Colleague: 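Got a structure for you, questions after.
If you're wondering where the values come from, they're calculated on a predicted model, not measured in any experiment. Remember, it's 1-based here, ligands and their atoms both numbered in the order they're listed. Numbers here simply count residues along the sequence, with the first being 1.
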Amino acid sequence: MRTLLVTGGAGFIGSNFVHMTRRRYPGDHIIVLDKLTYAGNRANLAGTDVEFIEGDVCDAALVDKLVARADITVHFAAESHNDNSLRDPRPFVDTNIVGTFTILEAIRRHGNRLHHISTDEVYGDLGLDDPARFTEETPYEPSSPYSATKAGSDHLVRAWVRSFGIRATISNCSNNYGPYQHIEKFIPRQITNILAGQTPKLYGTGEQVRDWIHVDDHNAAVHLILERGRNGETYNIGADNDHVNNKAVIELICELMGAPGYEHVADRPGHDQRYAMDSTKLRTELGWAPEYTDNQTGMRAGLEQTIAWYRDNGQWWAPAKQRVEQAYAERGQ
Ligand code: NAD
Ligand code: DAU
């Protein structure tokens with residue numbers, strides 16, 4: 001039986017991680033530390049018996065106390081939305097950089113293990129016609145305040161491994177989708193637009209490519225890394241969906257939901273063009289493979305499940321819908 005400290009466990013990926021951990025490792029004790037920002041929701045953890053602590057990963061005294069009790073800290077907490085980082089970068093610097101520093105110092109004092117959750121965006125972007133994929137050796141070249149702060153946090157983890165000998169692993173994953181994702185993000189925004197009788201919104205031409213992965217496939221990889229990942233290593237996570245552009249995703253959502261169409265809106269400034277992950281290391285070393293796959297878009301089954309979840313959980317997303325859409329409308333999006 002392990003004690004896991006899950007930071008950001010009331011957010012999208014963190015809460016799905018908690019649910020998966022409960023299913024697969026019922027004996028584990030789970031402590032969730034979450035600030036409950038606009039992106040965190042206590043209801044995401046309904047039905048789980050976690051020890052829930054509302055607090056900030058930048059609070060050194062609190063973090064020290066919790067890290068001391070945990071065999072492993074799984075660090076999901078972050079400000080996570082690119083569009084918000086363009087409007088107000090400060091919380092991204094605080095949570096993503098100072099928060100990770102705070103966790104690292106506690107890990108250094110107590111000598112227990114850290115797994116740091118990061119993103120493919122640290123590698124920058126690829127040209128639309130570039131067939132390359134990001135490997136663990138690709139140099140960092142982040143584009144937005146969000147990805148720059150995530151890159152900074154990865155560098156801190158690596159420096160603490162090398163300079164102080166802490167025990168840590170890092171995973172960099174591509175774009176997730178699935179239940180409990182905040183409706184500011186691309187896929188749930190379009191699903192809830194259709195459910196609310198509004199028109200789906202595509203930024204610019206919609207040619208951009210994201211290497212979509214279902215959140216359960218991401219979290220299954222994280223569990224494998226916790227069990228068998230080598231100390232100090234980085235693992236890229238991606239489901240080989242780097243041939244699917246935003247236009248194809250929105251068209252598939254419209255088809256699955258019987259919606260007549262979508263509209264083009266203002267593009268994101270500095271919009272990254274293409275992400276593509278090479279997850280060979282994870283697959284060969286740890287034996288990981290995604291379960292949500294199909295030949296065409298790799299997303300049909302996962303999207304059907306996700307659409308059904310939003311359809312069944314209107315009370316979860318409806319209260320935030322008007323505020324989110326108003327903020328987008330102010331930016332022509
Ligand atoms: P999210 O925005 O849905 O959730 C973030 C959670 O962190 C929320 O519950 C929020 O309340 C909490 N939080 C924010 N600031 C905090 C603070 N200072 N102290 C404590 N808790 C705080 O994000 P997500 O999409 O679930 O992403 C989780 C992690 O995965 C992030 O580190 C993100 O960079 C990474 N990631 C996300 C994706 C994706 O597609 N969403 C892909 C790869 C990596
Ligand atoms: O690549 C991993 C990253 O994926 C994570 O690190 C981030 O936390 C996560 O938010 C996500 O970042 P993106 O910026 O790629 O995700 P987002 O859902 O905001 O947008 C996905 C794509 O869809 C992007 O090309 C912009 C576009 N888009 C987005 C919205 C919200 C639209 O076309 N219309 C929209 O309404």
Colleague: So which pairs with a foot in residues 206-217 pass salt bridge (Lys or Arg N to Asp or Glu O under 4.0 Å), sequence neighbours left out?
Modeller: none

Colleague: Pull out every atom of ligand 2 sitting under 4.0 Å from any heavy atom of Arg189, numbered as shown with elements.
Modeller: 35 (C), 36 (O)

Colleague: When Ile31 is tested against each of Leu66, Val6, Val67 for side chain to side chain contact (heavy atoms under 4.5 Å, CB included), which residue passes?
Modeller: Leu66

Colleague: What do we get for Glu121 next to ligand 2 when only non-hydrogen atoms under 4.0 Å count, side chain, backbone, both or neither?
Modeller: side chain

Colleague: Write out the residue and atom name of the closest protein heavy atom to atom 6 (O) of ligand 2, then the distance separating them to 0.1 Å.
Modeller: Tyr146 OH, 2.6 Å

Colleague: To the nearest 0.1 Å, how far is atom 35 (C) of ligand 2 from its closest protein heavy atom, and which atom is that?
Modeller: Tyr203 CE2, 3.4 Å

Colleague: Taking 4.0 Å as the limit for heavy-atom contacts, which would you say applies to Asp120 with ligand 2: side chain only, backbone only, both, or neither?
Modeller: side chain

Colleague: Kindly indicate whether a cation-pi arrangement holds for Arg189 with Tyr328, taking the cut-offs as under 6.0 Å to the six-membered ring centre and within 45° of the axis.
Modeller: yes

Colleague: What protein heavy atom is closest to atom 21 (C) of ligand 2, reported as residue, atom name and distance in Å?
Modeller: Phe186 CB, 3.6 Å

Colleague: Can you work out which protein residues put a heavy atom within less than 4.0 Å of ligand 1?
Modeller: Gly8, Ala10, Gly11, Phe12, Ile13, Asp34, Lys35, Leu36, Thr37, Ala39, Gly40, Gly55, Asp56, Val57, Phe76, Ala77, Ala78, Ser80, Thr95, Ile117, Ser118, Thr119, Tyr146, Lys150, Cys173, Ser174, Asn175, Asn176

Colleague: Have a look at ligand 2 and work out which part of Gln190, if any, has a heavy atom under 4.0 Å from it: side chain, backbone, both or neither.
Modeller: side chain

Colleague: Measure the distance from atom 8 (O) of ligand 2 to every protein heavy atom, then report the residue, atom name and distance (to 0.1 Å) of the closest one.
Modeller: Ser80 O, 2.7 Å

Colleague: Heavy-atom contacts with Asn82 under 4.0 Å: which atoms of ligand 2 show up? List them by number with element.
Modeller: 12 (O), 13 (P), 14 (O)

Colleague: Are any of the N/O atoms on Asp83, whether in the backbone or the side chain, positioned under 3.5 angstrom from an N/O atom of ligand 2?
Modeller: no

Colleague: His29: which residues meet the ring-ring contact (aromatic ring centres under 6.0 Å, His included) condition with it, sequence neighbours left out?
Modeller: none

Colleague: Please state which part of Asn246 comes within less than 4.0 Å of ligand 2, counting heavy atoms only: side chain, backbone, both or neither.
Modeller: side chain

Colleague: Show the atoms of ligand 2 that are less than 4.0 angstrom away from any heavy atom in Leu202.
Modeller: 33 (O)

Colleague: Exactly one of Asp242, Thr280, Thr138 should register a side-chain hydrogen bond (donor to acceptor under 3.5 Å, both in side chains) with Arg133. Which one does?
Modeller: Asp242

Colleague: Which one of Thr21, Leu226, Leu5 satisfies the side chain to side chain contact (heavy atoms under 4.5 Å, CB included) criterion with Val74?
Modeller: Leu226

Colleague: Which ligand 2 atoms, with their elements, are less than 4.0 angstrom from a heavy-atom of His81?
Modeller: 19 (O)

Colleague: Could you tell me whether the side chain of Gln190 and the main chain of Phe186 form a donor-acceptor pair under 3.5 Å?
Modeller: yes

Colleague: Which ligand 2 atoms does His271 reach within 4.0 Å, using its non-hydrogen atoms?
Modeller: 24 (C), 25 (O), 26 (C)

Colleague: Checking Pro91 now: which residues fulfil side-chain contact (heavy atoms from CB on, under 4.5 Å) with it, not counting sequence neighbours?
Modeller: Glu79, Asp88

Colleague: Between Glu184 and ligand 2, which part of the residue brings a heavy atom under 4.0 Å of the ligand: side chain, backbone, both or neither?
Modeller: backbone

Colleague: Should Arg268 be counted as touching ligand 2, given the test is an N or O pair under 3.5 Å?
Modeller: yes

